[in-house]
Each structure stands twice: as structure tokens, then as C-alpha cells.
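Have a look at the structure below, then the notes.
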Amino acid sequence: MLRLEGVSAGYGRAQVLREVSFEAQAGEILCLVGRNGAGKTTTVKAIMGLLPLMAGNVTLEGTVLSSLPAHFVPRHGIGYVPQGRRLFGGLTVAENLDVGRLTNGKDRLVVEEVLSIFPRLAERFRQRANTLSGGEQQMLAMGRAMCLRPKVLLLDEPTEGLQPSMITAIRDATIRMRDQGIAVVLVEQRLDAIVELADHVALLENGQIRGTLTRSEMATYPQKLASHLGV
Amino acid sequence: MDFGPYLMLATLEGAVTAAVLALTASGLALVFGVMRVVNVAHGEFFMLGAVLAWWVTNMLGGSAAFGFAVALIVVPVLVGFLAVVTDMTVLKRINYDPERTIVATIGILYIFQQVTLMTYGPDARPVVPPFNTRLALPWIEFVDGEISLYWPWGLSITSYKLAVIGAAALVLVGLWVLMTRSKLGLLMRATEQDRDMALAFGIPVERVYALVFGLGAAMAALAAVLIVPIQQAHYLMGHDPLLLSFIVVIIGGLGSFPGTILAALLIGLSDGVISVFFSPTLAKILATLLVALVLVFRPQGLFGARDT
């Protein structure tokens, strides 16, 4: 569904990604695993068109996304939950969800659906996003991306720094998205989350893909996975 | 004239300044807030508004009211369009880089100013107000322990000045409704908060920027059309509105719409009162001193938040 072919990208002249290729399938969770600085967030930004590609391309169901202006990428159905949430802090919960719905204007039901998945957001509906707790903000970041009715969902460390009950809510929502047939690309550092959620793992090191693991291979070679985690 | 009526007269004059200033400064604040561009050419959009208002009313001839009504609608649109073109040909090309846009808008300032000098000339030219009835205003006095009204000599305002205050208030309410209640306002506020995230949710940020730059310039032009029957159009008239708008935006707090309006009232009214009782120069000195104090003791402005 979402395919990266030989993607090289970076910041200014500093190249971070070197010929990264992988494919995320509908109804599966692909975990991007790598140490800090390996290029996980850069990969996600490159998919979103927020970084210019030096080489390669990103395609979604045959459409070359990387040749489009960045604001067309979400219109093709890519939902983004960035690291650190990056909500529109001065906007209310309702307005943040409305921004998520912009490319999807006629679909009014989607907000109801998000609120039923995260009832906490309904209680805070008219509150500014920057007054929410960390967990609530993460729910909103996820809900905002769900409002797009994405075909692909990019989650960049969605459970970082959250308390256990919030982590469960976010993981449940992630599984729910996968079960709806969405291709999920998950950047994750916690071994337990990867083992529980991932259908495939792509191992990233120094901006290059060092290998991929399926669910069964993860169980067979746990050390291989563990060696790519941590700082 | 007694002190009371004199103070009321000064306050009314200040209110006209405040109304026009609030419009001009809101345009500057909008551009800075959403685009992070310090538009040094903002005063020139004001000047172009006044000069074009003279040109439109002169071209049309006929009754003053008709010419002015046309200018009121056509001129902000023309200036807004010119600003959109400026955005797309200059600011977009330098990628809205904060430092380079300052230098670029200084260049734009001189281009607009000199082109106006070459075409319109160095003269200050008046625009006839559409209506200008002098309204005498009453004051209260105590006679034998009872309150009664009287009309002191010289305490009056023109109907046009009152209309300027009313029109400015109406436009500002309209802008506030646009920003807080409309889809377009949501796009602008989301872009203001986080440019990359706005892109990541499908907002055409560059189009929003062009629109905001045009809207900001149109606000300045509208303010100028309103004030030109009182002040006359001149190719150097953009300096004062630019300086005062910067003062207002810094005091009000960058990106705070209510702060900008309150600061415009504060600066406009104090400018009126101090100019009448002392001198216009003292009014400018005090306003600039206030900016210095705000920058030292409350750099985020009186109403701005530190972390937004």
C-alpha cells in the first residue's frame, strides 16, 4: 500500500536517510525500530513531504506522493501523529478535530466516532488543547489523525512518557485502526509494545534499513530486535 | 473652555486616532502572527490606500459620497491584491525567512514610496469627506445643586469622525468573527500555531500566507481610506502609522488580537489627550518610552502569552 523506494533525505546538506525502502500493507502494523538518531522520525517526515527527498520516491497505491506539494499528502489519506504530539495548542479540542477533518469536510460522523473511542475528549471538547494532560493530548493527536479517515496512519512514538492506563488506550486505538484495514507505521522504542503490536519490524540503523523481521522471526531472534532498541 | 469639556474633546480626537490605529495595527499583527513576517512595508500599504482613495474619488468625480463609497470598497481590494502579488513574487521566493523578509520589505517600502512620488507627486492632496456635519456636544454643570446640560463653545465633533470610529469598530468585529468563527479563520489560526502540522493536515499554507498578507494590507488601506478626508494623502504618510502600529503590536503582545485592540486604544487615546494638552511630540516620546519599558519588564507584551 505505502511503499518507500530508495528514499534518501536529510536536513539541508546533512543526509540522514540512505536508500530506505519498505512497504506497509493494509491491515498490518509495521514497526520502525532503531536507536536514537537512526532516522525513524526523519523517515516519517519524508513520507509526509515535510522534508525534500534527495533521491527515491514514496508511493501510495501507485500514486507518487513525493512529487506532490506537502499539503496534498494528507489528502491522499495519510494520517500523521507526530512525536511530541504537536497539537494546535491554542485551539480547542473541537477545533483540533476540525483541522483533522479539513480534507474530509462532509464527514460529520467521524468526530462522533473519535469521541466514542476517546470519551475523555468529549469531556474536554471546548477546552484548549494546551490545557489537557499528556495522555489526553496524545488521544487528541491520535483523534485528529483519525478524523482524516486515513488509509495509512503514521504514529511516531505515541506512548512516549505516558502513564500505563493511557498507554493501553492508545494501543487499543492502534489495534482498532489496524483491524479497520488501515496500514499502520509505528515508530516504537518499547520492546513489549513491539512484540504485542507489530506484524512486521523494519530495523533502521544510521539511516539505512538493516533488515526486516516478521512476527515469528521476532520470537526466534529476540536479541536481534533488542540490539536495535535504546539510546 | 473648562477642563472637563476640553478633556472630552481630546478624548474624542484620540478615539479617532485609536480607531484607525487599531485597524492598521491589526493588519500588521495578523501578518506577524500567522506568517512570522515583520512587514516593514505595512505603512506603505496604508499610504497607497490614501493615495488610491484620492485617485478614485478624483477619477469618478460626481458627488463626494459616491466617490468615497466606491473608494472604500475598491481601494482595499486593489491594495490587498497588490500585497498578494508582492507575497508571491518576493516573500515566497525567500521562503518567508524572518531576517530576509525584513530586508525585502524595506526594499518594497522604498519601491512603493518612490513609485508614488514619481507618479502622484510630492503634494499632499485632500479627499472631500462624504458628509461632515458639525455636531455640538453637551457638557454637564451644577446650577443651584441641580444637574443641567449646556453646550460649551468649541465642544463639537464632526459626524464623519464619529462614522470613522463606528466603521473601524464594525470592521474589527468582522475580523474577529472571521478569525474565530469561520473555516478560513481556523486555517489561519492552525497555520499560525504550527506551519508543518498545518501542511500535514492538508492546509495549503502558502495560499493561506498570500491571503493573510493581502488581508493585512487591505486592513491598512481601509484605515487610510477612512482617515484621508481628515489627513490628506501624501507619499510619505506611511511612516507614522508604521511606527505606531509596531508600538501597538509590541505593547499588546505579538499574536494577541484583544491585546492589539486594547493597546491601540491606549496609544490612540493617550496620543489624542497628550497632543491636545501638551504636544504631539511628547505623545510620541511617551509611547516609545512605554515600548521600551514593556520590552524590559514584560517582553511578551501586556496581553501576550510566553509559550504559544
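Computed from a predicted model, the values in this text were never measured in an experiment. Every chain is numbered from 1, with letters handed out A, B, ... down the list of sequences.
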Open item on the list: If you count heavy-atom pairs within less than 4.5 Å of chain B, which of A:Glu95, A:Met48, A:Arg75 leads?
Closed with: A:Glu95
TODO: Examine whether an atom of A:Tyr80 lies under 4.5 Å from a heavy atom of chain B, and if so say whether it belongs to the side chain, the backbone or both; otherwise answer neither.
DONE: both
Open item on the list: Regarding A:Glu113 and A:Arg149, does a basic nitrogen lie under 4.0 Å from an acidic carboxylate oxygen?
Closed with: yes
Task: Part of A:Arg86 lying under 4.5 Å from any heavy atom of chain B - done: both
Task: Contact leader toward chain A among B:Leu187, B:Asp196, B:Val205, where contacts are heavy-atom pairs under 4.5 Å - done: B:Asp196
TODO: List in chain and number order the residues that pass salt bridge (charged side-chain N to carboxylate O under 4.0 Å, His left out) with B:Arg195, two or more places apart in sequence or in another chain; answer none if no residue qualifies.
DONE: none
Open item on the list: Please evaluate residues A:Arg101 and A:Asp98 with respect to the criterion salt bridge (charged side-chain N to carboxylate O under 4.0 Å, His left out), reporting the C-alpha separation (whole Å), side-chain torsions for both, the decisive distance (0.1 Å), and the verdict.
Closed with: CA-CA 5 Å; A:Arg101 222 162 51 87; A:Asp98 275 345; 3.3 Å; yes
Open item on the list: Counting only non-hydrogen atoms closer than 4.5 Å, does A:Val99 touch chain B with its backbone (N, CA, C, O), its side chain (CB onward), both, or neither?
Closed with: both
Open item on the list: For A:Leu91, which atoms come within 4.5 Å of any heavy atom of chain B: side chain, backbone, both, or neither?
Closed with: both
TODO: Ignoring hydrogens and angles, state whether a donor on the side chain of A:Tyr11 or A:Thr42 is under 3.5 Å from an acceptor on the partner side chain.
DONE: yes
TODO: Under the ring-ring contact (aromatic ring centres under 6.0 Å, His included) rule, collect the residues that match up with B:Phe112, sequence neighbours excluded.
DONE: B:Phe45
